[in-house]
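Structure, as structure tokens:
Residue numbers count from 1 along this sequence. These numbers come from a predicted model, not from an experiment. Atoms within each ligand, like the ligands themselves, are counted from 1 in listed order. Keep in mind that the numbers below use all heavy atoms, side chains included, and drop hydrogens, waters and symmetry copies.
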Amino acid sequence: MTPLPGPSGTAPVVGIVGRRGAYGRWLQHFLETRMGLRVIGRDPAGDEALSIEELVTRADVLVFSAPIRLTPALIAEYARAARGREAGCLWMDLTSIKQGPVEALLASRAEVVGLHPMAAPPLIPTLQGRVMAVCPARLDRWRTWLDGFLAATRAECIEVTPGHHDRAMALVQGLTHASHMAQAAVLRRQAPALGGLEALRPLRTVGHALDRIVSARMLAGNPGIYADIQFDNPHVLPAVELMAEAVGFLRDQLRRGDAEARQALRTRLLEESASFFGAPALAAGSHDFDRLGYLLADLESPDFLSVFLPEDAPGSLCRLLHVFEEHAVNIESIHSSRSPEGELHFRIGLDRRSLDDLPADTLARVAKALETRGIGRVTAGHRGD
Ligand SMILES: NC(=O)C1=CN([C@@H]2O[C@H](COP(=O)(O)OP(=O)(O)OC[C@H]3O[C@@H](n4cnc5c(N)ncnc54)[C@H](O)[C@@H]3O)[C@@H](O)[C@H]2O)C=CC1
Ligand SMILES: O=C(O)C(=O)Cc1ccc(O)cc1
């Protein structure tokens, strides 16, 4: 692999501030394996061989991937240590908030771009299928290298100003996280009397299942990020205040409980918002909701085989399906995803009625055929009762 040269004509050395963190590790792996670049870095979590001074001197590109609340001051500290030697370098950051970090980067003499990959570090080595907000702030000689880097990530890049980004993220992240933190807090108070979260599962709706997925993902994540997004984006507080106002309005109508209160709820919280969304968005959202409902049902179906395909090549799926056809096994659903190693994985949902009419060892024979013919590796299978 020929590394992408920087403006001097040679491959840049990339420094990552916070390289032991979740994104720092992902980015180092990406830069080394997908771009053939040399990566150095620093992190108080056991990676302090290089001083700040050495890092800023040796890195042509410096990426800040540190906790949100610390990042603006950290950038300022690096700029002080660089004492102008960063002129001619590219400095960037991955912070979920853009205004403060980009302002701090601009106070240096480096070229500057702010980035926000809008998803957790993925299991696969690229950001394919993910959005990346890009705030070009001071770019000149590094623009071509940056374009090559962004293209290599395969992210869907959206250019935006830091101010617009932060106002949008107050709604996209701040509001979404706030409402799920609030939901989780209510579940914590009230679900135990009903037997706990698991006891609610058999009575789930699609909406509840989706919200539970979002809440669980957040609660499983790094609490520092979710707290910092609330506290360090100044546009979040007004959004949370409006949310509290809307919930307070709902509570007041419920307390009143009369016909007028019902009408007030319908008008203000349903009809006025529906007309704001508009008919096309409501129809599209409803359609997606139905599709996600079927997807969740497929993923929960008890009869399935899990198959990893070693080769992501044209015709692999066809050969796989042929084995099921040969054994007269009817497939109910197919869902593809990726393993942590990036291998293509298919969850094949099976039609229970067709299984009932077949010999009991049919699934074992399907699995054996898939493996002996080198089509795929069967890692799990289950025939539910
Ligand atoms: N994890 C995620 O889902 C996403 C994270 N981001 C952004 O990526 C950045 C990094 O996040 P994560 O890697 O998830 O966090 P993390 O907490 O896993 O990693 C941060 C790293 O920074 C290090 N650090 C702390 N103080 C430092 C200092 N003074 N000098 C150098 N390193 C220091 C920590 O030891 C840690 O290893 C954040 O700004 C976050 O907003 C953006 C999108 C998604
Ligand atoms: O867990 C996920 O996929 C997330 O969505 C997490 C996340 C956290 C912070 C960001 O700035 C962006 C994404």
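Between A59 and G15, the closest heavy-atom pair is CB-N, 3.6 Å. Of all the heavy atoms in H327 and A369, the pair that sits closest is CE1-CB, 4.1 Å. Considering all non-hydrogen atoms of both residues, D43 and R20 come closest at OD2-N, 2.9 Å. Nearest heavy atoms, Y226 versus N222: CD1-O, 3.3 Å.
Close approach of ligand 2 to I225 is summarised as follows: ligand atoms under 4.0 Å from at least one heavy atom of the residue are 9 (C). For ligand 2, the atoms closer than 4.0 angstrom to any heavy atom of Y226 are 1 (O), 6 (C). Proximity to Q173 (heavy-atom distance under 4.0 Å) selects the following atoms of ligand 2: 9 (C), 10 (C), 11 (O), 12 (C), 13 (C). When each atom of ligand 2 is checked for a heavy atom of R217 under 4.0 Å away, the hits are 1 (O), 2 (C), 3 (O).
Using 4.0 Å as the threshold, A119 has a heavy atom nearer than that to some atom of ligand 2. Contact annotation: H116 has at least one heavy atom less than 4.0 Å from an atom of ligand 2.
When the shell of 6.0 Å around CZ of R85 is examined, it contains more than 12 heavy atoms from other residues, nucleotides or ligands.
In this structure, a donor-acceptor pair under 3.5 Å is present between the side chains of H208 and R212. R256 and Q253 form a side-chain donor-acceptor contact under 3.5 Å, judged by distance and modelled atom types alone.
Nearest protein neighbour of atom 4 (C) of ligand 2, counting heavy atoms only, is A120 N, 4.0 Å.
Salt bridge annotation for R69-D232: absent, with no cationic side-chain nitrogen under 4.0 angstrom from a carboxylate oxygen.
If you look at M218 next to ligand 2, there are no close heavy atoms at all, none under 4.0 Å.
Within 4.0 Å of ligand 1, contacts by protein heavy atoms are made from V17, G18, R20, G21, A22, Y23, R42, D43, P44, A45, S65, A66, P67, I68, L70, L74, L94, T95, S96, H116, P117, A119, A120, P121, N222, I225.
Note that CG of L74 is 6.0 Å distant from CZ of F64, once rounded to the nearest 0.5 Å.
R266 places no side-chain N or O within donor-acceptor distance of the main-chain N or O of E271, the cut-off being under 3.5 Å.
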